[in-house]
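Heads up, the thing below is written out as structure tokens.
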Amino acid sequence: LILFILLTAIGGRAYCSAVCPIGAIQELLSKVPTPKIAIPWKRSVLIIHIVVFVLFVWVALFFPNFQFKCIGMKYFFFLEYTSVKFYLFAGIMLLGLFIYRPFCRFCPYGLLLTLASYFSLMRLTRTDACISCKKCEKVCPVGEAYADSNKSECFLCGRCTEVCPIKRAFVYQKRK
């Protein structure tokens, strides 16, 4: 877990976009053409993220025997259909049809990756070639394509670079 936090501090949330199996499932689900619920309130997402993290730490400290597999990740990936926990996690994943990466945006580990990404050395950055057409802002599922965004929630999905009419207006580069 610490290794991925360090890698995120170097390269942004590349782990989330290219390695994490939960992220991969949610990314695939986000491609299904269903009505999407945008979450424009970044501050509220951060507050919820912090509350979940604090609860997670509190449970870990005061109930050391509590097992965090209660959300059913293990049952989901091992396809144990007989467990209620399988269906709990499957339900969370199905939220990904309507909300972009719901698990990642509220999970305690995701908060640590968000913080690491905030300080990352590499990130997607607008260049002077940008013509401010705002196509990237409209397509960004986490609202990080804005010019003044800190890119901490950017999952490096590449949608902004795909819709940009100007080559090299968005580049993955060392932070300035």
Side-chain angles (χ1 to χ4, degrees), residues 1-31 35-58 60 92-93 95-176:
L1 294 177
I2 293 171
L3 173 66
F4 291 123
I5 293 171
L6 292 174
L7 289 173
T8 300
I10 294 168
R13 295 187 76 165
Y15 166 78
C16 300
S17 66
V19 179
C20 178
I22 297 169
I25 291 168
Q26 292 179 105
E27 195 65 41
L28 288 172
L29 289 171
S30 76
K31 304 274 188 209
K36 305 299 184 207
I37 300 168
I39 302 178
W41 13 272
K42 241 176 117 168
R43 186 164 299 202
S44 298
V45 169
L46 183 60
I47 290 168
I48 294 168
H49 225 150
I50 291 169
V51 168
V52 170
F53 182 79
V54 169
L55 285 172
F56 183 83
V57 171
W58 183 79
I92 294 170
M93 291 295 99
L95 274 176
L97 290 169
F98 308 101
I99 300 172
Y100 186 70
R101 290 183 177 241
F103 186 83
C104 301
R105 296 182 78 188
F106 300 113
C107 121
Y109 187 61
L111 176 65
L112 297 176
L113 294 177
T114 295
L115 293 173
S117 181
Y118 181 79
F119 297 104
S120 70
L121 300 175
M122 301 288 291
R123 64 177 51 194
L124 271 175
T125 310
R126 283 187 189 212
T127 66
D128 294 336
C130 177
I131 59 171
S132 299
C133 67
K134 303 198 185 296
K135 288 182 178 183
C136 57
E137 294 171 11
K138 291 175 186 166
V139 74
C140 181
V142 290
E144 290 287 10
Y146 294 95
D148 60 348
S149 170
N150 61 30
K151 309 291 188 273
S152 63
E153 283 288 325
C154 177
F155 289 104
L156 300 171
C157 67
R159 288 177 178 95
C160 56
T161 56
E162 290 171 2
V163 299
C164 185
I166 306 297
K167 285 188 182 225
R168 311 262 321 138
F170 257 107
V171 293
Y172 182 72
Q173 66 183 10
K174 189 173 181 181
R175 182 177 172 175
K176 294 180 180 180

Handout entry: Reported CD1-to-CD1 distance for the pair Ile92 and Ile22, which is rounded to 0.5 angstrom
Key = 9.5 Å
Practice task
Could you tell me the separation between the NZ atom of Lys167 and the OG1 atom of Thr161, rounded to the nearest 0.5 Å?
Solution key: 11.5 Å
Handout entry: Shortest non-hydrogen separation from Thr8 to Arg13 and the atoms involved
Key = CG2-CG, 4.0 Å
Problem - Validation row: Ile131, Pro165 side chains within 4.5 angstrom (heavy atoms) - result: yes
Fill in the blank from the handout: For Cys104 and Gly23 the tightest heavy-atom approach is SG-CA, 4.3 Å
Exercise for the section: I would like to know whether Phe98 and Ile37 meet side chain to side chain contact (heavy atoms under 4.5 Å, CB included); could you show each step before the answer? Expected result: CA-CA 6 Å; Phe98 308 101; Ile37 300 168; 4.3 Å; yes
Practice task
Taking atom CD1 of Ile2 as the centre, report whether more than 12 heavy atoms of other residues, nucleotides or ligands fall under 6.0 Å from it.
Solution key: no
Problem - Donor-acceptor under 3.5 Å (Ser117 side chain, Leu113 main chain) - result: no
Problem - Any Tyr15 side-chain heavy atom under 4.5 Å of Leu7 side chain - result: no
Handout entry: Spacing of Leu111 atom CG and Phe56 atom CZ [to the nearest 0.5 Å]
Key = 11.5 Å
Handout entry: Heavy-atom side-chain contact between Arg175 and Thr125 under 4.5 Å
Key = no
Practice task
For Tyr100 and Cys140, indicate whether the former's side chain and the latter's backbone hold a donor-acceptor pair under 3.5 Å.
Solution key: no
Practice task
Would you confirm whether Lys36, through its side chain, and Leu97, through its main-chain N or O, come within 3.5 Å as a donor-acceptor pair?
Solution key: yes
Handout entry: Glu137 with Arg126: basic N within carboxylate O range, under 4.0 Å
Key = yes
Handout entry: Whether Tyr172 side chain and Gly11 backbone form a donor-acceptor pair below 3.5 Å
Key = yes
Handout entry: Distance, nearest 0.5 Å, that separates OG1 of Thr114 from CZ of Phe53
Key = 11.5 Å
Handout entry: Point-to-point distance, once rounded to the nearest 0.5 Å, from OH of Tyr118 to NZ of Lys151
Key = 12.0 Å
Practice task
Indicate the atoms forming the closest heavy-atom contact of Cys136 with Cys160, along with that distance.
Solution key: CB-CB, 3.7 Å
Practice task
Assess whether side chain to side chain contact (heavy atoms under 4.5 Å, CB included) is satisfied between Leu115 and Ser152, documenting all intermediate values.
Solution key: CA-CA 7 Å; Leu115 293 173; Ser152 63; over 6 Å; no
Practice task
Mind checking the CG-OH spacing from Leu1 to Tyr109? Nearest 0.5 Å is all I need.
Solution key: 4.5 Å
Problem - Taking every non-hydrogen atom, the tightest pair across Val171 and Gln173 - result: CG2-OE1, 3.2 Å
Practice task
Compare every heavy atom of Gly12 with every heavy atom of Leu156, then report the nearest pair and how far apart it is.
Solution key: CD1-C, 4.3 Å
Problem - Charged tip of Arg101 within 45° of Phe155 ring normal and under 6.0 Å - result: yes
Handout entry: Cationic N near anionic O, under 4.0 Å, Glu27 to Arg159
Key = yes
Handout entry: Minimum heavy-atom distance between Ser120 and Met122, given as atom pair plus value
Key = OG-O, 2.9 Å
Handout entry: Whether Gln26 side chain and Phe103 backbone form a donor-acceptor pair below 3.5 Å
Key = yes
